[in-house]
S.K.: 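The structure's right below; bear with me while I get my questions together.
In what follows, every heavy atom counts, from backbone to side chain, and hydrogens, waters and symmetry copies are set aside.
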Amino acid sequence: MIICETIADVRQKISEFKRKGKRIGFVPTMGNLHEGHLSLISASKEECDITIVSVFVNPTQFSSGEGFEKYPRTLESDQEKLKDLKIDILFLPDENQMYGSSSQTLVLVGGTISNSLEGCSRPEHFNGVTLIVTKLFNIIAPDVAFFGQKDAQQARIIYQFVKDLSIQVVLKVLPIVRESDGLAMSSRNTLLSKENRAIAPSMYEGMLEGAKAIRDGETDPMQVLAIITEHLICFKEIEIDYVAIIDPVTFEEVEEINKDVLIIGAIFLDNIRLIDNYYVDRN
Ligand code: PAF
């Protein structure tokens, strides 16, 4: 595994692989790697000749007080995992490499996909994501890039700006990887207390109950949301940020469930914010 800490170095290494006609797969991460990340890396290894993983805790996607400092940094064990997986390049830039002191550019995606749900709760978040992912795509120029469905809105926004800016990359969005009790894997799970970790899967359980109602024929989103929230309010520790039933493409809330929908939600457990979603196929 080659480790590159500078943009110049990673570009030079990649150009050597590209000269040999290798297909480059890219998995951007903020580290603290779990099975969810590992599934993306395995998919890249299967599909591409060369797999590049970046680890960079991106400050611009955290507003102040949103836990940038608290974000778990586990570089040593991450490196071990990546070595075991035999990835080709680990790109490990620091803040100065990625932003310098004079970065003034934003990549703004408009519309409901940006301004709803996570975009309301975390107004700066997606601007930070679009900026860093655009930069990483410009630096790595991958043939294929891999993202997780857990961050469904992020994946949708990345798809949009890749299309709008004619960035030449194929995006692959892979299914959510869950713990045995259903909790979606996330770096934030390690921050939960033992008690809160035990009740954290309830968002997924609520979504499963909602999905069952839809499959049983419920078409009123309000009824489905009531089922989900009733499940969640059993736990006084849970603060619901939002739960919604949306069109998976437009991210608009649906008025009637008559086609595929995405149940999507975010909760707080003692200030730790957890997100999850569940795709309900009507066919
Ligand atoms: O999903 C993440 O881990 C991050 O948002 C990403 C895409 C690596 C950008 O920092």
Side-chain angles (χ1 to χ4, degrees), residues 1-33 36-62 68 71 73-107 127-148 151 154-155 157-159 161-174 187:
M1 178 173 84
I2 304 168
I3 299 179
C4 298
E5 293 185 349
T6 67
I7 294 173
D9 190 22
V10 79
R11 277 194 166 137
Q12 197 252 322
K13 299 286 183 321
I14 293 168
S15 70
E16 286 167 26
F17 288 122
K18 289 206 165 190
R19 249 199 319 274
K20 293 179 190 152
K22 304 287 187 196
R23 185 170 163 83
I24 309 284
F26 177 46
V27 182
T29 81
M30 298 207 296
N32 195 238
L33 303 177
H37 298 110
L38 304 190
S39 76
L40 306 181
I41 294 168
S42 300
S44 170
K45 285 190 58 91
E46 213 158 278
E47 203 175 306
C48 302
D49 304 312
I50 298 294
T51 291
I52 303 176
V53 175
S54 62
V55 173
F56 178 64
V57 185
N58 175 33
T60 63
Q61 66 189 76
F62 295 83
F68 171 66
Y71 197 85
R73 288 157 172 87
T74 53
L75 188 54
E76 226 171 89
S77 72
D78 290 346
Q79 288 202 28
E80 285 306 312
K81 287 176 187 165
L82 294 171
K83 240 188 252 164
D84 288 348
L85 284 168
K86 298 190 170 35
I87 67 151
D88 299 279
I89 299 179
L90 167 59
F91 181 41
L92 208 52
D94 65 12
E95 230 174 289
N96 192 39
Q97 272 297 307
M98 291 314 283
Y99 290 115
S101 55
S102 59
S103 175
Q104 295 188 15
T105 299
L106 293 177
V107 180
N127 295 347
V129 171
T130 52
L131 180 58
I132 197 68
V133 176
T134 304
K135 284 173 73 75
L136 287 165
F137 282 172
N138 282 334
I139 294 163
I140 309 285
D143 294 292
V144 192
F146 297 83
F147 294 89
D151 296 294
Q154 166 176 283
I157 288 170
I158 292 171
Y159 172 81
F161 77 72
V162 160
K163 181 166 160 275
D164 293 348
L165 301 178
S166 307
I167 298 176
Q168 202 173 23
V169 61
V170 174
L171 299 178
K172 292 277 162 90
V173 180
L174 268 65
S187 304

S.K.: Any side-chain heavy atom of H37 within less than 4.5 Å of one from S187?
M.R.: yes
S.K.: Between F137 and F147, how do the two ring planes meet: parallel, tilted or perpendicular, split at 30° and 60°?
M.R.: perpendicular
S.K.: Return yes if some donor-acceptor pair links the side-chain N/O of K13 with the main-chain N/O of I2 below 3.5 Å, else return no.
M.R.: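 Side chain of K13 to backbone of I2, a donor-acceptor pair under 3.5 Å: no, none is there.
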S.K.: Measure the shortest side-chain to side-chain distance between V169 and V162 over non-hydrogen atoms and say whether it is less than 4.5 angstrom.
M.R.: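 When only atoms from C-beta onward are counted, V162 and V169 do touch, with a gap below 4.5 Å.
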S.K.: Does the side chain of Q79 come within less than 4.5 Å of E76's, by heavy atoms?
M.R.: no
S.K.: Any chance you could lay out the side chain to side chain contact (heavy atoms under 4.5 Å, CB included) test for I139 and V10, step after step, and finish with the verdict?
M.R.: CA-CA 8 Å; I139 294 163; V10 79; 3.5 Å; yes
S.K.: Is there a donor-acceptor contact under 3.5 Å from the side chain of D9 to the main chain of C4?
M.R.: no
S.K.: What's the spacing between I7 CD1 and Q12 CD if we round to 0.5 Å?
M.R.: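 I7 atom CD1 to Q12 atom CD measures 14.5 Å (nearest 0.5 Å).
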S.K.: Give a yes or no on this: more than 12 heavy atoms of other residues, nucleotides or ligands lie within 6.0 Å of atom OH of Y159.
M.R.: no
S.K.: Tell me, with the steps shown, if I3 and I89 meet side chain to side chain contact (heavy atoms under 4.5 Å, CB included).
M.R.: CA-CA 6 Å; I3 299 179; I89 299 179; over 6 Å; no
S.K.: Ignoring hydrogens, what is the shortest heavy-atom contact between S54 and L136? Give both atom names and the distance.
M.R.: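 Nearest pair, atom of S54 first, then L136: OG-CD1, 4.0 Å.
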S.K.: Hey, does the side chain of T134 reach the backbone of T130 with a donor-acceptor pair shorter than 3.5 angstrom?
M.R.: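 Checking the backbone N and O of T130 against the side chain of T134, a donor-acceptor pair under 3.5 Å is found.
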S.K.: For R11 versus N138, what's the shortest heavy-atom pair and its separation?
M.R.: NH2-O, 3.5 Å
S.K.: For V129 and L131: C-alpha separation, side-chain torsions, deciding distance, then whether side chain to side chain contact (heavy atoms under 4.5 Å, CB included) applies.
M.R.: CA-CA 5 Å; V129 171; L131 180 58; over 6 Å; no
S.K.: Taking everything shown except Q168 itself, do over 12 heavy atoms lie less than 6.0 Å from its CD?
M.R.: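 Atom CD in Q168 is not crowded, with 12 or fewer foreign heavy atoms closer than 6.0 Å.
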S.K.: Using modelled atom types and a 3.5 Å cut-off, is there a donor and acceptor pairing between side-chain atoms of K20 and backbone atoms of S15?
M.R.: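 Checked: no pair found.
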S.K.: Verify side-chain hydrogen bond (donor to acceptor under 3.5 Å, both in side chains) between Q97 and D94, making sure each step is shown before the conclusion.
M.R.: CA-CA 5 Å; Q97 272 297 307; D94 65 12; 5.2 Å; no
S.K.: Report the C-alpha separation of N32 and V57 in whole Å, then their side-chain angles, then the decisive distance to 0.1 Å, and conclude whether the side chain to side chain contact (heavy atoms under 4.5 Å, CB included) test is met.
M.R.: CA-CA 10 Å; N32 195 238; V57 185; over 6 Å; no
S.K.: What heavy-atom pair brings I140 and K18 nearest, and what distance separates the two atoms?
M.R.: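 Of all heavy-atom pairs spanning I140 and K18, the closest is O-NZ, 4.1 Å.
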S.K.: Got a donor-acceptor contact below 3.5 angstrom from the K172 side chain to the V144 backbone?
M.R.: no
S.K.: To the nearest 0.5 Å, what is the distance between CD1 (I41) and CG (L174)?
M.R.: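 Here the rounded value is 11.5 Å.
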S.K.: Would you sort out whether E47 and R23 count as a salt bridge (Lys or Arg N to Asp or Glu O under 4.0 Å), showing the intermediate values?
M.R.: CA-CA 8 Å; E47 203 175 306; R23 185 170 163 83; 3.6 Å; yes
S.K.: CG of L85 to CD of E80: how many Å apart, nearest 0.5 Å?
M.R.: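 If we round to the nearest 0.5 Å, L85:CG and E80:CD are 11.5 Å apart.
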S.K.: So, F91 versus F26, ring centres under 6.0 angstrom or not?
M.R.: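 No, ring centres 6.0 Å or more apart.
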S.K.: Could you tell me whether the side chain of D88 and the main chain of T51 form a donor-acceptor pair under 3.5 Å?
M.R.: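 Present.
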S.K.: Of all heavy-atom pairs between D49 and G21, which one has the smallest distance, and what is that distance?
M.R.: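 For D49 and G21, the tightest heavy-atom pair comes out as OD2-O, 4.3 Å.
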S.K.: CE of M30 to CZ of F56: how many Å apart, nearest 0.5 Å?
M.R.: 10.0 Å
S.K.: With rounding to the nearest 0.5 angstrom, report the CD1 to CD1 distance, I14 to I24.
M.R.: 6.0 Å
S.K.: For F68, does the six-membered ring have the charged nitrogen or CZ of R73 within the cation-pi criterion, i.e. under 6.0 angstrom from the centroid and within 45° of the normal?
M.R.: yes
S.K.: Identify the residue among S44, P142, S42, S39 that makes a side chain to side chain contact (heavy atoms under 4.5 Å, CB included) with V27.
M.R.: S44
S.K.: Check the pair N58, Y99 against side-chain hydrogen bond (donor to acceptor under 3.5 Å, both in side chains), reporting the backbone distance first and the verdict last.
M.R.: CA-CA 10 Å; N58 175 33; Y99 290 115; 2.6 Å; yes
S.K.: Roughly how far, to the nearest 0.5 Å, is the OG1 atom of T60 from the CG atom of L106?
M.R.: 9.0 Å
S.K.: Determine whether K86 and M1 make a side-chain contact, defined as any pair of heavy atoms from C-beta on separated by less than 4.5 Å.
M.R.: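 Of all side-chain heavy-atom pairs linking M1 with K86, none is under 4.5 Å.
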